[in-house]
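Note that the coordinates shown come from a computational prediction; the quantities given were computed from them, not determined experimentally. Throughout, protein chains are lettered first and strands after them, A, B, ... in sequence-line order, and every chain is numbered starting at 1.
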Protein chains: 2
Amino acid sequence: MTNSVNRRERASQKRQRLTEAAARVLHEQGVERTTLADIAREADVPVGNVYYYFKTKDELVLAALSAHRSHLDELTGRLAESAGPRERLKALVEGWIAQRDTAARYGCPTGTLAAELDKRADGVLDAEAGAVIRRLLDWTGDQFRALGLPDPEGLALTLVCGYQGMSLMASALRDPDVVTREGNRLLAWLDSLPVPAEDA
Amino acid sequence: MTNSVNRRERASQKRQRLTEAAARVLHEQGVERTTLADIAREADVPVGNVYYYFKTKDELVLAALSAHRSHLDELTGRLAESAGPRERLKALVEGWIAQRDTAARYGCPTGTLAAELDKRADGVLDAEAGAVIRRLLDWTGDQFRALGLPDPEGLALTLVCGYQGMSLMASALRDPDVVTREGNRLLAWLDSLPVPAEDA
DNA sequence: GTCTATACATAGATAGAC
DNA sequence: GTCTATCTATGTATAGAC
């Protein structure tokens with residue numbers, strides 16, 4: 001293994017560290033209140049060095065969004081191991097409930113980012129935020145479709161709206177119980193859905 | 001009518017103009033991306049003059065939040081004229097549906113403000129945003145209670161979560177139809193609730 | 001590839017003339 | 001009460017040494 005390879009590996013490690021730090025800090029502080037210095041500190045990278053990996057702050061925001069997309073893909077990958085579509089959806093909701101303290105403090109990572117970016121006049125970053133949310137919507141729709149239910153897209157919309165609504169309200173009221181209560185309501189709703197073919 | 005009174009009236013008119021302009025612009029652009037110059041321009045007041053009425057930017061944000069509170073009170077005042085509690089709640093949801101284009105572009109005025117302010121470490125402004133949302137929650141709970149339903153607070157939470165969820169999703173997906181679809185679902189839900197005493 | 005020093009722009013806030 | 005000029009701080013971004 002040559003030195004140049006070592007360097008390249010460490011370099012991409014730094015890029016990776018910056019990306020994950022951006023995802024974390026942007027979630028906690030929002031885009032506009034977060035400075036490049038904040039992200040650099042969190043990633044343990046010197047401030048001026050950031051520009052070697054990302055030309056602009058917006059590129060870092062984009063990287064954070066793609067990190068959220070990866071996290072989502074990992075999550076749905078794990079959920080794929082659940083017995084059937086209904087169990088996968090319930091496991092998804094249970095995961096949200098387990099994260100209730102974070103939601104009550106900072107809201108949904110992707111949802112709050114989308115809300116902030118959507119106010120921009122130029123529609124580059126907000127389209128990307130919307131795409132991540134749409135990915136969750138699509139996966140959820142696939143599960144309802146596998147259950148053989150009519151209007152799977154509509155059901156998926158209801159579920160994801162429920163998630164975003166309870167996350168925002170938990171954060172606005174600073175109360176994790178909001179997630180517990182609404183999450184349990186969603187679980188009961190999933191249980192109540194009549195299913196023609198349970199594990200299609 | 002003396003000159004001093006005239007001046008005082010015009011002065012408070014300017015303060016009022018600044019407050020309403022702040023409510024509007026902060027909703028459209030968010031807190032951090034909005035400059036005092038933006039608000040001053042919208043209110044047709046010279047920039048430097050803003051500081052005569054508001055000592056800091058945060059005071060303007062606070063004024064905008066109290067404007068949202070007033071708008072909410074006006075709305076519930078108008079809804080009070082509806083026949084019964086169920087009609088009032090349905091009229092509330094129908095109002096949200098009518099505003100779907102604004103929601104798809106900028107989200108809920110109070111909800112997006114709350115989401116942004118909640119990320120601050122100091123909890124002054126975010127508490128105020130939470131208070132406005134709680135006011136809607138309380139009024140909604142009163143209606144469910146008047147209907148004689150069990151757990152009126154829980155039902156109110158579900159309704160307001162539904163509003164915030166569909167507003168955020170409509171804005172993230174840039175699609176007003178999200179509000180139409182989820183709003184109609186909420187209307188059907190309200191209709192489906194069994195009511196012991198219809199107009200208690 | 002890494003890091004320091006600094007340029008440049010912007011925005012919040014203040015001083016003081018009118 | 002009204003408005004202009006300006007101070008000051010901060011944050012993005014760049015130039016260039018190592």
Side-chain angles (χ1 to χ4, degrees), chain A residues 1-19 21-22 25-26 28-65 113 116-117 119-122 124-125, chain B residues 1-19 21-22 25-26 28-65 113 116-117 119-122 124-125:
Chain A
M1 198 183 278
T2 70
N3 274 339
S4 77
V5 168
N6 270 335
R7 260 193 240 110
R8 215 180 303 141
E9 269 176 9
R10 255 185 305 145
S12 57
Q13 266 177 25
K14 271 195 182 178
R15 196 179 204 283
Q16 186 60 22
R17 277 219 309 280
L18 280 167
T19 301
V25 180
L26 291 175
E28 292 174 4
Q29 305 190 339
V31 177
E32 298 301 331
R33 283 182 79 88
T34 297
T35 69
L36 294 173
D38 290 335
I39 298 172
R41 194 183 319 117
E42 178 86 4
D44 201 34
V45 168
V47 201
N49 202 348
V50 172
Y51 286 93
Y52 178 75
Y53 300 98
F54 300 94
K55 275 194 284 293
T56 63
K57 183 181 179 179
D58 277 4
E59 275 192 22
L60 254 174
V61 178
L62 211 58
L65 282 170
L113 222 52
E116 194 178 356
L117 295 172
K119 309 224 164 190
R120 293 198 179 183
D122 91 318
V124 184
L125 287 179
Chain B
M1 196 182 282
T2 69
N3 274 340
S4 78
V5 168
N6 269 334
R7 260 194 240 112
R8 218 179 303 142
E9 271 178 7
R10 254 184 306 146
S12 57
Q13 267 177 23
K14 271 197 181 176
R15 196 178 204 284
Q16 185 61 21
R17 278 218 310 281
L18 280 167
T19 301
V25 180
L26 290 175
E28 292 174 4
Q29 305 189 341
V31 177
E32 298 301 330
R33 283 182 79 89
T34 297
T35 69
L36 294 174
D38 290 336
I39 297 172
R41 195 184 317 118
E42 178 86 4
D44 201 34
V45 168
V47 202
N49 202 349
V50 171
Y51 285 93
Y52 178 74
Y53 299 99
F54 300 93
K55 275 194 285 291
T56 63
K57 183 182 179 179
D58 277 4
E59 275 192 22
L60 254 173
V61 178
L62 211 58
L65 281 170
L113 222 51
E116 195 178 356
L117 295 172
K119 309 224 165 192
R120 293 198 180 184
D122 91 318
V124 184
L125 288 178

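Put simply, CD on Glu32(B) is 11 Å from P on dG11(D), counting in whole angstrom units. Between the P atom of dG11(D) and the CG atom of Asp58(A) lies a distance of 17 Å, rounded to the nearest Å. To the nearest angstrom, C1' of dA11(C) lies 14 Å from CZ of Arg33(A). Atom-to-atom, OH of Tyr52(B) to C1' of dC18(C) comes out at 15 Å; the value is rounded to the nearest Å. One atom, CD of Glu59(A), and another, P of dT14(D), lie 11 Å apart when rounded to the nearest Å. Taking atom NZ of residue Lys57(A) and atom P of nucleotide dA9(C), one finds them 19 Å apart after rounding to whole Å. Atom C1' of nucleotide dC3(C) and atom CG of Leu36(A) are separated by 16 Å, given to the nearest angstrom. For Lys55(A) and dA15(D), the NZ to C1' distance is 17 Å, given to the nearest whole Å.
Here Leu36(A) contributes atom CG and Thr56(A) contributes atom OG1; the two are 9.0 Å apart, rounded to the nearest 0.5 Å.
Looking at the side chain of Tyr53(B), the nearest of the listed nucleotides dT2(C), dT2(D), dT14(D) is dT2(D). The side chain of Lys14(A) has dC3(C) as its nearest neighbour among dA13(D), dT2(D), dC3(C). Closest to the side chain of Tyr51(B), from the set dA13(D), dT12(D), dA13(C), is dA13(C).
The pair Glu32(A)-Lys119(B) does not count as a salt bridge, with every side-chain nitrogen at least 4.0 angstrom from each carboxylate oxygen.
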Restricting both atoms to N or O, compile the protein contacts to nucleotides 4-9 of chain D shorter than 3.5 Å, with distance only.
none

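Side chains of Asp58(B) and Arg120(B) form a contact here, defined as non-hydrogen atoms less than 4.5 Å apart. Side chains of Tyr53(B) and Leu60(B) form no contact here, defined as non-hydrogen atoms less than 4.5 Å apart.
Smallest separation of non-hydrogen atoms from Ile39(A) and Ala21(A): O-CB, 3.9 Å. Nearest heavy atoms, Asp44(A) versus Arg17(A): O-NH2, 3.5 Å. Between Leu113(A) and Val31(A), the shortest heavy-atom distance links the atoms CD1-CG2, 3.7 Å.
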